[in-house]
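Working notes, beginning with the structure itself.
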Amino acid sequence: MCHQVDNVPTIRYFTLLDFKKFLRKLEGKPFQSYQELCNSDVRYDSFSLHFIHIQGSPGAVPASVVQLTVTSKYISLPEWTASSPARKIATKDFILRTFNETTKCHARQNRGVDGSGSFQPLIIPQQVLSRNIVRLSPEAFSISFRISLPASRSNTILGCEAVMMLSVELPTIVEATKKKLLDHSKLRSFCETVEDMLFLQKELAAKKLVAFIGDNSLLARESGISDRPAQNNVVPFKAPQELAVSLELPNGGKIRGLGVRTGVTVLIGGGFHGKSTLLNTIARGIYPHIPGDGRERTISDKNSVVICSEEGRSVRDVDISGFISTLPDSSDAKKFNTQNASGSTSEAASIIENICAGAQLLLIDEDCSATNFLIRDRYMRKLIPDDPIIPLLDRVRELYEKNNISTLLIASGSSDYIGVADQVIAMRNYKPVCMDNQSKVLDIPRYHYVHEPLTIKDNRRVLEDNFDPSYENRRLQKTVPVRIKPLRGQEKNILEFGKDLLDLTKLSALIDSDQLSTIGYALFFARKKIIGKMRLSPSELATIVIDTIEKEGLDSLQIENAYPLFFSQIRTIELAGAMNRLRSLNIYRDTE
Ligand code: ADP
Ligand code: MG
């Protein structure tokens, strides 16, 4: 692997002709000879390619990293692409998607052994995130991407295949990308859509809203494992008059849709009528969506978070006494500590942790919650008067009235929540219906108990010795100084972090595997640069790291003398969520 250490690296420049000759000469040589390419720069007719990192073996993960640069002489983007921060994020995302699509279209993959001889396009989600791999300036744009250099079974270089990839396919991909970028109307609508939704997100609070779903949005997804739009028979969303709001967008003019108000919103409806789909839309609405997704006119409070039960997770010293008054082993619910939480205790801890991390809207689906955490009916309260669980039903108004935390909850199995709701929405045949009046007609009582006030305060402090990314590889009998990588071959969001296997599957706002790596390196950054100096709670620590990223860019997480990593935008909520789930989290409590 080539890393640039200390001294300034010298760049080796190639013309395309020389580059082809060079690759042909490598034919049949040991794979390691590709290292000679490291830090070289190839000048094509209308772009250049820089080799940043060369993989050590054909199947290596990550593969080689290259950076493509196209100067404005060859493609000039209109000025409006850079006229606001939102447009810049959108333009970069658009360029990346376009490059990705044309790569998939024009590249022949797997030319060599172990999947080598492939371009490795990213899997990009339906949402627009800021990333470090696309750079944009008035002079040029550049994209970093991964490529696996071709090798034979005997681990030797397939130089002629490399020539095909880099001197025939790559220019075709770049030309096709440039051609697509010349269609300014598509780029403009992309930029305007993203800008409109980010604008609306900032407006929500002033309008006392936590989410907005525009009329004619198409919320249904392709399948339970795909976030892409469903293709057939999708019922368009339409807000009923009582729930409708009309808002003015900077580009799109007036827009009508459902405004979910601050406070307690209860979502009811028959099975399979679209309740979870609506809640998931609101959960994903923390980020703007791409045009054509169906949800491009939906947006939510940027601090919305899904709360669900997560049996088996680790909880470190969290004060869950507001929800669980006593624990059977007489341990202190004010410092709840376990490596194996139950449904209700995990959910209680998650609410407290998320509120500390800045959550403003809690999204709860009864399908993914512990029932005894959500409700206890009046007869059950009489039968088991000493149940230590204080159900969310008893706290949900207090959360809003005292802490300004809104909740949107799917509760179709019990009417109890209707009594404490500000807004009741039923989903009927995939369409929302306002049920505020019906609940009054039925005269559903406000049925909840009053308890000691809930205190939400995190006096846990992260100790200096935390977030150690090193890993002892017993088989190789050596210590790997940094092991931070998403677990391979997994649908789930699991991060190998040092000795820990950090399961972040329940953090539903993680939509991209680069976010997982970003979390890992953000933890390492916290260890190296921040923890020692201050006595901070996990949320305070996460806030400082995210503030630094916002000010100095995602590349502030890069490690010196290592190949550049691909990062994408994350929130304080997920970073704090990762800290709180680390089984090795090392904390102490400040005096009360
Ligand atoms: P619920 O939570 O009410 O049981 P879901 O949200 O899980 O229902 O939706 C049930 C099914 O209907 C899912 O397969 C979902 O993809 C589909 N669906 C959701 N919204 C729509 C829609 N607007 N048009 C068509 N199908 C939809
Ligand atoms: Mg459901």
Side-chain angles (χ1 to χ4, degrees), residues 125-127 210-241 243-244 255-260 264-286 289-300 304-311 343 347 350 361-375 392-393 407-418 421 423-435 438-439 491 505-506 508-509 511:
Q126 295 291 96
Q127 295 78 16
V210 283
F212 175 84
I213 297 103
D215 284 352
N216 297 317
S217 292
L218 301 171
L219 309 187
R221 297 297 95 192
E222 191 172 57
S223 76
I225 51 164
S226 162
D227 199 36
R228 296 163 75 88
Q231 295 303 326
N232 300 315
N233 307 325
V234 180
V235 178
F237 194 83
K238 175 109 203 282
Q241 205 47 45
L243 301 172
I255 183 175
R256 181 189 183 278
L258 174 80
V260 181
V264 179
T265 301
V266 176
L267 207 54
I268 57 174
F272 221 64
H273 276 250
K275 302 180 298 296
S276 298
T277 305
L278 176 59
L279 183 131
N280 292 336
T281 300
I282 296 172
R284 288 283 153 96
I286 53 172
H289 290 77
I290 56 170
D293 172 78
R295 298 169 296 183
E296 58 271 41
R297 301 208 140 207
T298 71
I299 199 79
S300 316
S304 308
V305 65
V306 173
I307 304 287
C308 51
S309 74
E310 193 177 338
E311 274 181 86
E347 213 160 338
S350 173
L361 171 65
L362 310 179
L363 297 164
I364 302 173
D365 190 336
E366 62 190 353
D367 291 353
C368 320
S369 278
T371 311
N372 59 349
F373 179 74
L374 293 188
I375 45 169
L392 180 66
L393 178 69
T407 302
L408 182 140
L409 178 130
I410 298 178
S412 52
S414 152
S415 59
D416 284 351
Y417 272 96
I418 293 178
Q423 186 173 231
V424 181
I425 302 172
M427 288 304 283
R428 197 173 280 154
N429 298 321
Y430 312 121
K431 289 208 169 121
V433 180
C434 177
M435 297 292 264
Q438 268 94 332
S439 59
E491 286 299 317
T505 310
K506 297 279 177 162
S508 63
I511 48 177

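In each ligand, atom 1 is the first atom listed, and ligand 1 is the first ligand listed.
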task: Write down, by chain and number, every protein residue that brings a non-hydrogen atom to less than 4.0 Å from an atom of ligand 1.
output: Ala220, Asn233, Val234, Val235, Gly270, Gly271, Phe272, His273, Gly274, Lys275, Ser276, Thr277, Tyr430
- prompt: Does the side chain of Asp227 come under 3.5 Å of the side chain of Gln126 through a donor N or O and an acceptor N or O?
  reply: no
query: Given side chains that start at C-beta, do those of Leu218 and Pro229 come closer than 4.5 Å, heavy atoms only?
result: no
- request: Would you indicate whether the side-chain heavy atoms of Ser412 and Lys275 approach each other to under 4.5 Å?
  value: yes
query: Does Phe237 reach the side chain of Thr281, with side-chain heavy atoms less than 4.5 Å apart?
result: no
task: Check the Mg ion (ligand 2) and write out every protein N, O or S atom at under 2.8 Å, as residue and atom.
output: Ser276 OG, Asp367 OD2
message: Keeping Thr407 on the side-chain end and Leu409 on the backbone end, is there a donor-acceptor pair under 3.5 Å?
response: no
message: I'd like to check Asn429 versus Val235 (side-chain heavy atoms, cut-off strictly below 4.5 Å). Are they in contact?
response: no
message: side chain to side chain contact (heavy atoms under 4.5 Å, CB included), that's the test. Do Ile282 and Leu361 meet it? Break it down for me.
response: CA-CA 10 Å; Ile282 296 172; Leu361 171 65; 4.0 Å; yes
- prompt: Would a 4.5 Å heavy-atom cut-off, applied to side chains only, mark Val305 and Leu362 as touching?
  reply: yes
task: Starting from the C-alpha separation in whole Å, work towards a yes-or-no answer on side chain to side chain contact (heavy atoms under 4.5 Å, CB included) for Leu219 and Arg295.
output: CA-CA 6 Å; Leu219 309 187; Arg295 298 169 296 183; 4.1 Å; yes
